[in-house]
Amino acid sequence: ENFRDPINISQLIRECEGQRYHLICIGDAAMHPGELHSDGPWYRAHSASEERRTAFQWFATLADHFKRHVWINPDRPQYWYGHTVKQLAELYPMFPLTLDGLSEAVNHLSRGRRR
């Protein structure tokens, strides 16, 4: 598949079962609260038979499914003050997109250590 092709989240969860799979989200996590708390374009994330969920609910579902998960944030930590950044940081250990941050994230994924 192409990285630009959308992936059904339910399908991703079914195909990535077990301890060997880890989840890495990359992005600044700064978004309009409506993007995180509405079901907006996330309707593509599920099949027609499933209930609609907000983006935050999908992120929570993914965090619950992938026991080892991290969020890599390209913004400097001093800019991680936004409402949505804080909410996502409650679900995902957040690391900066730096060499040290990537090392910490990999360490967390491989050993489960928290910052």
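Pairing each heavy atom of His69 with each of Pro93, the nearest pair is O-CD, 3.3 Å. Across all non-hydrogen atoms, the minimal contact from Trp58 to Ser10 is CH2-OG, 3.7 Å. Closest approach of Gln19 and His22 over heavy atoms only: O-CE1, 3.6 Å. Listed here is the closest heavy atom pair of Arg111 and Arg68: N-NH1, 3.6 Å. Of all heavy-atom pairs spanning Val70 and Tyr92, the tightest one is O-CD2, 4.0 Å. The two residues Trp71 and Phe59 come nearest to each other via the heavy atoms CZ3-CE2, 3.8 Å.
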Practice problem: Decide side-chain contact (heavy atoms from CB on, under 4.5 Å) for Leu62 and Leu91; before the verdict, give the C-alpha distance in whole Å, the side-chain angles of both, and the deciding distance to 0.1 Å. | Solution: CA-CA 10 Å; Leu62 288 167; Leu91 294 175; over 6 Å; no

Exercise. Please report the C-alpha distance between Ile24 and Leu109 in whole Å, then the side-chain angles of each, then the deciding distance to 0.1 Å, and finally whether the side-chain contact (heavy atoms from CB on, under 4.5 Å) criterion is met.
Key: CA-CA 9 Å; Ile24 301 171; Leu109 289 171; 3.8 Å; yes

Quiz item: Can Leu97 and Asn73 be said to form a side-chain contact (heavy atoms from CB on, under 4.5 Å), step by step?
Solution: CA-CA 6 Å; Leu97 182 57; Asn73 193 324; over 6 Å; no

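When hydrophobic side chains of Ile, Leu, Val, Met, Phe, Trp and Tyr are connected at separations under 4.5 Å, Tyr81 ends up clustered with Tyr79.
The structure places CD of Gln57 at 10.0 Å from CG of Leu36, a figure rounded to the nearest 0.5 Å. To the nearest 0.5 Å, atom CG of residue Asn8 and atom CD of residue Glu15 are 9.0 Å apart. A distance of 9.5 Å separates CG in Leu23 from CD1 in Ile13, rounded to the nearest 0.5 Å. In this structure, OG1 on Thr84 lies 10.5 Å from NZ on Lys86, to the nearest 0.5 angstrom.
Remark: Thr61 engages Arg53 in a side chain to side chain donor-acceptor pair (under 3.5 Å) (not counting sequence neighbours). Among residues two or more places apart in sequence or in another chain, the ring-ring contact (aromatic ring centres under 6.0 Å, His included) test is passed with His83 by none. When the side chain to side chain donor-acceptor pair (under 3.5 Å) test is applied to His37, the partners found at least two apart in sequence or on another chain are Gln87. Remark: Asp28 pairs with no residue by the salt bridge (Lys or Arg N to Asp or Glu O under 4.0 Å) rule, at least two apart or across chains.
Contacts classified as salt bridge (Lys or Arg N to Asp or Glu O under 4.0 Å) and involving residues 88-103 (residues at least two apart or in different chains) are not found.
The hydrophobic cluster containing Val106 does not contain Ile72, counting ILVMFWY residues as joined when their side-chain heavy atoms lie under 4.5 angstrom apart, directly or transitively.
A side-chain donor-acceptor contact under 3.5 Å links His65 to the backbone of Cys16. Here the side chain of Ser110 pairs a donor or acceptor atom with the backbone of Asn107 at under 3.5 angstrom.
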